[in-house]
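Everything below concerns the one structure shown next.
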2 protein chains.
Amino acid sequence: MNSEFTIAVHSLVLLAHLPDHMATSEEIAANVSTHSARIRKVMGFLRKAGYVSTKEGIGGGFILSCKPEEVTLGEIYRLTCQGTLKPSWCSGDESKPCMISSKMDRLMGKVFCDAEKQMENYFEGHTIGSMLEQIRAFECPQSNTESLS
Amino acid sequence: MNSEFTIAVHSLVLLAHLPDHMATSEEIAANVSTHSARIRKVMGFLRKAGYVSTKEGIGGGFILSCKPEEVTLGEIYRLTCQGTLKPSWCSGDESKPCMISSKMDRLMGKVFCDAEKQMENYFEGHTIGSMLEQIRAFECPQSNTESLS
DNA sequence: CAATCTGTAACGGTTACAATGACAGTAAGC
DNA sequence: GCTTACTGTCATTGTAACCGTTACAGATTG
Ligand code: FES
Ligand code: FES
């Protein structure tokens, strides 16, 4: 699995923590620790799905356009990583006469697909809002000094 | 996830299908469609965990040393892939004063770990024996002509 | 001793991933 | 209308993971 799911979740939690603030891709990138172009790419998915609004030009950036408690990690997973659990490498060979060699890839495909659904089901139990709560609950020594750095 | 889990499952199902047969790494590799050295590496894990017995020298090879119905895919997953669900890439930066940037990686680590447990839980519901049954149930036009090719 | 296996490490090619640079398009402020 | 500051997107480069392959030491049989 690549890390676009992680980036999307991190960005959304950050935006949920800063309502009414237009965050630029540079600001988000600094917080996530990656390049701004990568943030813009991931935010593109989130914009098309309606989770964030974007504004170009001076004073522009990204802002949350959904309720954090209503967005589950499952939705974000499907948006960014669905189908990536199964390795691309294929076991066996469909053209072989042996039933095991010829059918194993299909069987493993089903197994991985179902396993992924189980995982998504777990992700459904978490929302952007609950993630933010957990972060805050860890302990927040600087709850009054808001800082993106 | 790399494909050692798939290779291990495929090899065990094949051995379960051929009880009392010493299969060499070459034979298994041909069935799995990979190189024999790779089979020997994966079988090394399975040997240390007691799932297969090996014999070196002439007439040697691999043979199942467990009951197929008692070996779950969960055990095999833990043996080959545990901990590989979380991307190695890290979000945020622990040294930053921002609570989100500094705590996000730890939080995602927990999320991925729990998600992996859910997945393992699903894998526990499948055994090498049940996998072989499913393969056979697909339809076996050559049930009488045993062939490894 | 010769033949046939496993066990293991090392090397090289390929592919997936992440970082970066570049640039067109758009909006705000003067 | 011009400059500035953003997004949106693509192309390129660096880098790490993965897989195939070779090589060889050790074990076992005959
Ligand atoms: S070994 Fe392949 S069908 Fe029996
Ligand atoms: S934005 Fe980082 S602690 Fe509030």
Side-chain angles (χ1 to χ4, degrees), chain A residues 1-8 10-11 15 21-49 51-65 80-81 83-93 105 148, chain B residues 1-8 10-11 15 21-49 51-65 80-81 83-93 105 148:
Chain A
M1 179 159 27
N2 70 19
S3 45
E4 292 188 352
F5 173 63
T6 302
I7 291 175
H10 187 145
S11 302
L15 291 180
H21 175 72
M22 266 286 179
T24 68
S25 58
E26 287 287 347
E27 285 173 327
I28 301 174
N31 198 274
V32 173
S33 287
T34 185
H35 196 275
S36 57
R38 202 156 179 226
I39 295 293
R40 290 197 292 273
K41 185 189 175 202
V42 173
M43 298 308 269
F45 298 139
L46 298 178
R47 173 177 53 82
K48 284 165 194 161
Y51 297 117
V52 299
S53 298
T54 67
K55 197 180 158 207
E56 303 183 2
I58 294 177
F62 303 89
I63 195 167
L64 210 63
S65 62
T80 54
C81 293
T84 59
L85 183 63
K86 179 176 189 287
S88 53
W89 187 86
C90 283
S91 183
D93 181 346
D105 188 51
L148 282 166
Chain B
M1 178 156 32
N2 70 19
S3 46
E4 292 187 354
F5 172 63
T6 301
I7 291 175
H10 188 146
S11 302
L15 291 179
H21 175 73
M22 266 289 179
T24 68
S25 58
E26 287 287 349
E27 286 173 326
I28 300 174
N31 198 273
V32 173
S33 288
T34 185
H35 198 274
S36 58
R38 205 157 176 225
I39 295 293
R40 290 199 292 274
K41 185 188 174 203
V42 173
M43 298 308 270
F45 298 139
L46 298 177
R47 173 177 52 82
K48 284 165 194 160
Y51 296 118
V52 298
S53 298
T54 66
K55 198 179 158 208
E56 302 183 3
I58 294 176
F62 303 89
I63 195 167
L64 210 64
S65 63
T80 54
C81 293
T84 60
L85 183 63
K86 179 176 190 285
S88 54
W89 187 86
C90 282
S91 184
D93 181 347
D105 188 51
L148 283 165

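Numbers restart at 1 for each chain; the letters A, B, ... are given by sequence-line order, proteins then strands.
Nucleic acid contact for B/Gly44: none, since no nucleic acid atom lies under 4.0 Å from a heavy atom of the residue. Here A/Ser88 lies out of heavy-atom contact (under 4.0 Å) with every strand.
Here C/dG7 presents its C1' atom at 17 Å from NZ of B/Lys55, a figure rounded to the nearest Å. Atom CG in B/Leu46 sits about 14 Å away from atom P in C/dT6, given to the nearest Å. Counting to the nearest Å, the P atom of D/dT7 and the CD1 atom of A/Ile63 are 13 Å from each other. Per the geometry, CD belonging to A/Glu56 stands 13 Å off C1' belonging to C/dC23, to the nearest Å. Atom-to-atom, CZ of A/Phe45 to C1' of D/dG8 comes out at 12 Å; the value is rounded to the nearest Å. One interatomic measurement links the two molecules: NZ of A/Lys41 to P of D/dC10, which rounds to 10 Å at whole-angstrom precision. Distance CD (A/Glu27) to P (D/dC6): 8 Å, rounded to an integer number of Å. Protein atom CD1 of B/Ile39 is 10 Å distant from nucleotide atom P of D/dG20, rounded to whole Å.
The phosphate of C/dG7 has OP1 or OP2 within less than 4.0 Å of a side-chain N or O from B/Arg47. Checking the phosphate oxygens (OP1, OP2) of C/dT4, no side-chain nitrogen or oxygen of B/Thr24 falls inside 4.0 Å. Between B/Ser3 and the phosphate of D/dC19, there is a side-chain N or O to OP1/OP2 separation shorter than 4.0 Å. For the pair B/Thr34 and D/dC19, the criterion of a side-chain N or O lying under 4.0 Å from OP1 or OP2 is not met. Of the side-chain N and O atoms in A/Trp89, one or more sit less than 4.0 angstrom from OP1 or OP2 of D/dG20. Distances shown here put every side-chain N or O of A/Ser25 at or beyond 4.0 Å from the OP1 or OP2 atom of D/dC6.
Between B/Asn2 and A/Pro87, the shortest heavy-atom distance links the atoms O-CG, 3.9 Å. Closest heavy-atom contact between B/Trp89 and A/Ser3: CE3-CB, 3.5 Å.
Of the two residues near DNA chain C, B/Phe62 and A/Gly59, the one whose nearest nucleotide lies more 5' is B/Phe62.
A donor and an acceptor atom sit less than 3.5 Å apart, one in the side chain of B/Arg40 and one in the base of C/dG7.
Side-chain proximity of A/Ala37 to the nucleotides D/dT21, D/dG26, C/dG21 is greatest for C/dG21. When the nucleotides C/dC5, C/dA28, D/dG20 are ranked by their closest atom to the side chain of A/Ile58, C/dA28 comes out on top.
If you check the side chains of A/Thr24 and A/Arg40, you find no donor sitting under 3.5 Å from an acceptor.
To the nearest 0.5 Å, atoms CE (B/Met43) and OG (B/Ser25) are separated by 9.0 Å.
Using a 4.5 Å heavy-atom cutoff, the side chains of A/Tyr51 and A/Leu64 are not in contact.
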